[in-house]
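First the structure, in the form of structure tokens, and then the observations on it.
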Amino acid sequence: MSIIEELSDIFGEAFKSLDLPRELGNVRTSDRPEMAEFQCNGAMPAAKQAGKNPREIAQAIVEHVQDHPNLKDVSIAGPGFINIFVTNEFLTKYVQDVQLPKLSEGETVILDYGGPNIAKPMHVGHLRTGIIGDTLRRILDKVGFHALGDVHMGDWGTHMGMLMMDYIRTSDESIVMDCNLEDADAVQTLFDDMAERYPKASGAAKENPELMQEARAATVKLQNKEEPFLSMWQKIRDVSIRAMERNYGLLNVRFDLWKGEADVHDLIAPMAERLKQKGFAVQDDGAWVIPVERNDDKKKYPPLILYKSDGGVMYGTTDMATIVERINLYDPSRIIYIVDQRQSLHFEQLFRAVRVSNIVRDDIELTFAGVGTMNGTDGKPFKTRAGGVMRLSDMIEMAQSKALERLNEAHLAQDMSEEEREKIALQVGVAALKFADLQNQRHADYIFDLDRMTNFEGKTGPYLLYQAVRIKSLLRKAAEQGLNIADDASFSIHEEERALALLLTALPDVLTLAVRNYTPHVLCDYVYNLAQTFSSFYGNCHILSEENENVRSSRLKLCNLTLERLEQVFELLGIECPERM
RNA sequence: GGUCCCGUAGCUCAAUUGGAUAGAGCAUCUGCCUUCUAAGCAGAGGGUUGCAGGUUCGAGUCCUGCCGGGAUCGCCA
């Protein structure tokens, strides 16, 4: 139980004793620290329901909880706010025993937050869905779900046909086939070659109908598992996965499932047959579609296209088949799509289609967790200075080298080897990149400014790492000097440490909030707040030189607990923290 | 034209889902390094929450109508 939950219980009981709903007793942290540590606002809605004066109800509640041993002071303010201060003993207990919420008994949740196409370099567009999705996966896993991240790559479309035909036409199949997957350099060379070829092949096919025809034919042969297409495709896929693993790895973004559209190819025909037989799919303009209109739609709603009029399938079809596969293999209670907000219509169609056709039971929750577009400082979709699409690997490299520059300027990590410093620079750069992104609300568009992000001052990833490293350094010094850290019995919280102590207890409720709305940014807010409050404490209270043994050992304990909490959140955000810098 | 999203300090973003005096960072200004890492700390200035109504004890948040920006609207993904 969290401190908020226990307080809510106390006040919930009080409301219940007045024949009012328990929920009115819900307590929250106060946004007015000088007036209260916690507050309960239930008296006002209660007054509305009961037709009474809110202050009278508040008064009754206060009288009911007046002598509770955990509460130091309870008072009424304004129209009926109940302001709460807790006792030191109560706070001390919770500071030392922060339990993360248990929101599931191991239900399976599938998160879909990848989507890169094979044979194409990853670009900045993959950054946001990747890190938000990965963080949500970590959060859900932490609170008791069995969370599975699926990369769901695009590996089965006409773009494969175009690329393969290009190799065949230039008699360069061997470049693909002879590549040794164990040789990192060879893999990189082939990947670069594909990255260069694909846009050319694609452009040529768009202009020349004959080439397009060839590419389509090759794609069909691939889908029929014919050689040499199948082997070639497998090689291209393997090499691409290596590249994805590298990029995602640098960002600490992990997946449990490396599946792609190809994995569900064989499920499509039987699924479509069933849909036709049962009448869920109908013919329209030569295409097979699933109508998904509803009576309360204000405007006619476009159907999901199952088969195009030329017999080909669309991404809605593969997405449906993917849902079929996921239900068959993993029996999830939720599927969450962390994808670009601009696809909201597509997913609404998809969800309606699988519901009306009874592919998905009512008790399975399908969620479209759309993410906003990443724009440049001009407010338009993010581009490089030259106007092109920025590769993800280039962006990570820029963040790293900027971090290295700043480390040198600030005279940090100067006593280390160059290799160590490089590693720290990567950790700092990635922290900057991820935190800059994760702290924004998920669904809104946001402006991505590399210069601002790599400034490393204020509300940034590097600030967080800096605070954590400072604590580590302090604790090392304390250990060297043989100083004691307070144990449970001797630990006490003093006035100037109270704000920090209160924050240390707040993580469970923040986590619950992040899960409820799938919004990791509340965690960023929390961790920054904690780091800043610690920094203020650190500036105001000297620790190692404190002469009062009890005060010193208790402060060391607070340092320990703060570090623990910071590292817990870093883990959830997929941010690595160095030992020293 | 329909639908969806957005509009909060000079800039970039928050605001615990309807709560008290709308908070942070950057930028600007003032202090603080012979004591634990100054990527820091303490403080100041900066707001008609796009506009106009409505709902109620109470609105940045909900409703209606405007204005402005973006996305999207069947055979691409």
Side-chain angles (χ1 to χ4, degrees), chain A residues 4 28-32 35-36 39 41 44-45 47-48 53-54 77-81 83 115 117 154 157-159 261 284-289 297-310 312 314-316 318-319 340-346 348-349 370 372-373 375 377 379-380 406-407 409-412 428 436 439-441 443-449 452-453 455-460 462-463 465-467 469-478 481 506 509-510 513 516-517 521-522 524-525 528-529 532 535-536 538-546 559 580-581:
Chain A
I4 292 274
R28 39 179 276 188
T29 56
S30 174
D31 47 2
R32 302 281 301 275
M35 296 181 77
Q39 60 178 297
N41 301 338
M44 290 169 288
K48 193 177 286 187
N53 181 342
F81 296 104
N83 285 333
N117 285 327
T158 313
H159 69 288
E261 294 171 334
D284 188 19
D285 273 345
W288 282 93
V289 304
D297 287 338
K298 287 173 195 144
K299 191 73 182 173
K300 73 171 185 205
Y301 216 89
L304 183 134
I305 297 181
L306 199 61
Y307 284 114
K308 299 187 286 184
S309 44
D310 70 0
M314 302 239 318
Y315 71 141
T318 37
D319 282 348
D340 196 309
Q341 188 74 250
R342 287 174 289 193
Q343 298 203 36
S344 62
L345 177 63
H346 166 69
E348 179 63 23
Q349 289 175 292
T373 310
N375 289 326
T377 42
K380 293 179 188 153
R406 292 302 309 259
L407 282 173
E409 274 173 27
H411 305 291
L412 290 169
V428 171
Q439 67 177 295
N440 295 300
Q441 284 198 64
H443 67 273
D445 292 353
Y446 84 116
I447 290 181
F448 188 85
D449 184 346
R452 182 159 48 79
M453 191 208 71
N455 203 17
F456 299 167
E457 274 158 28
K459 193 174 181 180
T460 63
Y463 172 88
L465 297 186
Y466 180 73
Q467 298 304 341
V469 166
R470 240 174 19 171
I471 299 176
K472 289 183 183 186
S473 158
L474 183 74
L475 290 171
R476 265 198 308 272
K477 284 217 165 84
Q481 295 174 26
D509 304 295
V510 174
L513 188 63
R516 192 187 340 156
N517 299 328
H521 83 279
V522 295
C524 295
D525 218 58
Y528 176 68
N529 225 320
Q532 207 178 33
S535 190
S536 174
Y538 179 91
N540 293 326
C541 303
H542 217 272
I543 298 164
L544 296 181
S545 65
E546 170 62 44
C559 291
R580 306 187 306 129
M581 69 186 202

TODO: Report yes if a side-chain nitrogen or oxygen of A:Lys477 is closer than 4.0 Å to either non-bridging phosphate oxygen (OP1 or OP2) of B:U37; otherwise report no.
DONE: yes

Open item on the list: Please classify the nucleic acid contact of A:Ala47 as base, sugar-phosphate, or nothing, using heavy-atom distances under 4.0 Å.
Closed with: nothing

Open item on the list: When the P atoms of B:G40 and B:G1 are compared, how many Å lie between them, rounded to an integer?
Closed with: 49 Å

Task: Smallest separation among heavy atoms of A:Arg406 and A:Asn455, with atom names - done: NH1-O, 2.7 Å

- [ ] Please determine if a side-chain N or O atom of A:Gln467 lies less than 4.0 Å away from the OP1 or OP2 oxygen of B:U37.
- [x] no

- [ ] Return the value, rounded to whole Å, for the distance between atom CG of A:Leu345 and atom P of B:G70.
- [x] 20 Å

Task: Side-chain donor/acceptor of A:Asp285 to backbone N/O of A:Ala287, under 3.5 Å - done: no

TODO: Using the six-membered ring wherever Trp is involved, compare the ring planes of A:Tyr315 and A:His346 and label them parallel, tilted or perpendicular (cut-offs 30° and 60°).
DONE: parallel

Open item on the list: Heavy atoms only, 4.0 Å cut-off, all strands: where does A:Asn375 land among base, sugar-phosphate and nothing?
Closed with: nothing

Task: Distance, P atom - from B:G50 to B:U56, rounded to whole angstrom - done: 23 Å

Open item on the list: Rounding to an integer number of Å, can you tell me how far A:Tyr446 OH sits from B:A14 P?
Closed with: 11 Å

Open item on the list: Strictly below 4.0 Å, N to O, side chains only: are A:Asp509 and A:Arg516 in salt-bridge contact?
Closed with: no

Task: Separation of B:A14 P from A:Gln532 CD (nearest whole Å) - done: 17 Å

TODO: Decide, for B:C11, between syn and anti: a glycosidic angle within 90° of 0 counts as syn, anything else as anti.
DONE: anti

Open item on the list: Does a side-chain N or O of A:Tyr463 approach OP1 or OP2 of B:C41 to a distance below 4.0 Å, or not?
Closed with: yes

Task: B:C76 OP1/OP2 closer than 4.0 Å to side-chain N/O of A:Lys308 - done: yes

TODO: Identify whether any heavy atom of A:Arg28 sits under 4.0 Å from a base atom; if not, whether one sits that close to sugar-phosphate; answer base, sugar-phosphate or nothing.
DONE: base

Open item on the list: I'd like the C1' distance from B:A9 over to B:G46, given in whole Å.
Closed with: 6 Å

Open item on the list: Taking any heavy-atom pair under 4.0 Å as a contact, classify A:Asp310: base, sugar-phosphate, or nothing.
Closed with: nothing

- [ ] If B:U34 has a Watson-Crick or G-U wobble mate with both distances under 3.5 Å, name it; if not, just say none.
- [x] none

- [ ] Please determine, for the side chain of A:Asn540, which listed nucleotide (B:C41, B:G19, B:A14) has the closest atom?
- [x] B:C41

- [ ] Kindly say if A:His521 contacts the phosphate of B:C13, meaning a side-chain N or O under 4.0 Å from OP1 or OP2.
- [x] no

TODO: Could you measure between the two C1' atoms, the one in B:C41 and the one in B:A59, and give it in whole Å?
DONE: 37 Å

Task: Backbone N/O of A:Pro302 and side chain of A:Gln349: donor-acceptor pair under 3.5 Å - done: yes

Open item on the list: For the backbone of A:Asp525 and the side chain of A:Gln439, can you confirm whether one donor and one acceptor N or O come within less than 3.5 Å of each other?
Closed with: no

Task: Counter-base of B:G65, judged by Watson-Crick or G-U geometry with both distances under 3.5 Å - done: B:C51

Open item on the list: Would the base of B:U72 count as contacting A:Arg342 through its side chain, where contact means a donor and an acceptor less than 3.5 Å apart?
Closed with: no

- [ ] Answer with base, sugar-phosphate or nothing: what part of the nucleic acid does A:Ile543 contact at a heavy-atom distance below 4.0 Å?
- [x] base

TODO: Might you point out which heavy atoms bring A:Ser30 and A:Gln39 nearest each other, and give the distance in Å?
DONE: CA-NE2, 3.4 Å

Task: Contact nearer the 5' end of RNA chain B, comparing A:Met44 with A:His346 - done: A:Met44

TODO: Give A:Lys459 one of three labels, base, sugar-phosphate or nothing, depending on what nucleic acid heavy atoms sit under 4.0 Å from its own.
DONE: sugar-phosphate

Open item on the list: Taking the C1' atom in each of B:A14 and B:U61, what is the distance between them to the nearest angstrom?
Closed with: 13 Å

- [ ] Nearest whole angstrom, please: distance from the P of B:U72 to the CG of A:Asp340.
- [x] 9 Å

Task: Aromatic ring proximity A:Tyr466/A:Phe456, centre distance under 6.0 Å - done: no

Open item on the list: Looking only at the side chain of A:Asp525 (C-beta and beyond, no hydrogens), which of the listed nucleotides B:A14, B:C57, B:U37 gets closest?
Closed with: B:A14

- [ ] For B:G70 versus B:U55, give the span between their C1' atoms, rounded off to a whole number of Å.
- [x] 30 Å

Task: Integer angstrom distance from the P of B:C36 to that of B:G18 - done: 48 Å

- [ ] Could you tell me which nucleotide pairs with B:U72 by Watson-Crick or G-U wobble geometry, both distances under 3.5 Å, or answer none if nothing does?
- [x] B:G2

Task: Closest non-hydrogen atom pair, A:Arg28 against A:Asp31 - done: NH2-OD2, 3.8 Å

Task: Whole-Å gap separating P (B:A77) and CD (A:Gln341) - done: 21 Å

TODO: To the nearest Å, give me how far apart CZ (A:Arg452) and P (B:A27) are.
DONE: 11 Å

Open item on the list: Taking any heavy-atom pair under 4.0 Å as a contact, classify A:Ser536: base, sugar-phosphate, or nothing.
Closed with: sugar-phosphate

Open item on the list: Does B:C41 have OP1 or OP2 under 4.0 Å away from a side-chain N or O of A:Ser535?
Closed with: yes

- [ ] With RNA chain B as reference, determine whether A:Phe81 or A:Ser309 sits nearer its 5' end, using the nearest nucleotide of each.
- [x] A:Phe81

Open item on the list: Over all strands shown, is A:Pro54 touching base, sugar-phosphate only, or nothing at heavy-atom distances under 4.0 angstrom?
Closed with: nothing

TODO: Please work out if A:Leu474 contacts a base, only the sugar-phosphate, or nothing of the nucleic acid, heavy-atom cut-off 4.0 Å.
DONE: base

TODO: Can you tell me, in whole Å, how much space there is between the P of B:G60 and that of B:G53?
DONE: 15 Å

TODO: Take atom CG of A:Asp445 and atom C1' of B:G69, then tell me their distance rounded to the nearest Å.
DONE: 10 Å

TODO: Would you say whether A:His542 stacks on B:C36? The test is a distance between ring centres of less than 5.5 Å and an angle between planes of less than 30°.
DONE: yes

Open item on the list: Need one value for A:Gly458: base, sugar-phosphate or nothing, where a base atom within 4.0 Å counts as base even if backbone is also close, heavy atoms only.
Closed with: sugar-phosphate

- [ ] Classify the nucleic acid contact of A:Asp31 as base, sugar-phosphate or nothing, counting any heavy atom under 4.0 Å across all strands shown.
- [x] base

- [ ] Provide the Watson-Crick or G-U wobble partner of B:G19, both distances under 3.5 Å; none if there is no partner.
- [x] B:C57

- [ ] Assign A:Tyr307 to base, sugar-phosphate, or nothing according to its heavy-atom contacts below 4.0 angstrom with the strands shown.
- [x] nothing

TODO: Identify whether any heavy atom of A:Cys541 sits under 4.0 Å from a base atom; if not, whether one sits that close to sugar-phosphate; answer base, sugar-phosphate or nothing.
DONE: base

- [ ] For A:Gln441, report the nucleic acid contact type (base, sugar-phosphate, nothing); a contact means any heavy atom under 4.0 Å.
- [x] sugar-phosphate

Open item on the list: Nearest to the side chain of A:Tyr466, heavy atoms from C-beta on, is which of B:C36, B:U16, B:U37?
Closed with: B:U37

Task: Base paired to B:U28 (Watson-Crick or G-U; both N/O distances under 3.5 angstrom) - done: B:A44

- [ ] From the options B:C36, B:A27, B:C13, select the nucleotide whose nearest atom is closest to the side chain of A:Ile447.
- [x] B:C13

Open item on the list: Looking at A:Gln481, I'd like to know whether one of its side-chain N or O atoms comes within less than 4.0 Å of OP1 or OP2 on B:C36.
Closed with: no

Open item on the list: Could you check whether A:Arg470 and A:Ser535, counting side-chain N and O atoms only, form a donor-acceptor pair closer than 3.5 Å?
Closed with: yes

TODO: Whole angstrom is fine here: how far is it from CG in A:Asn455 over to C1' in B:C26?
DONE: 7 Å

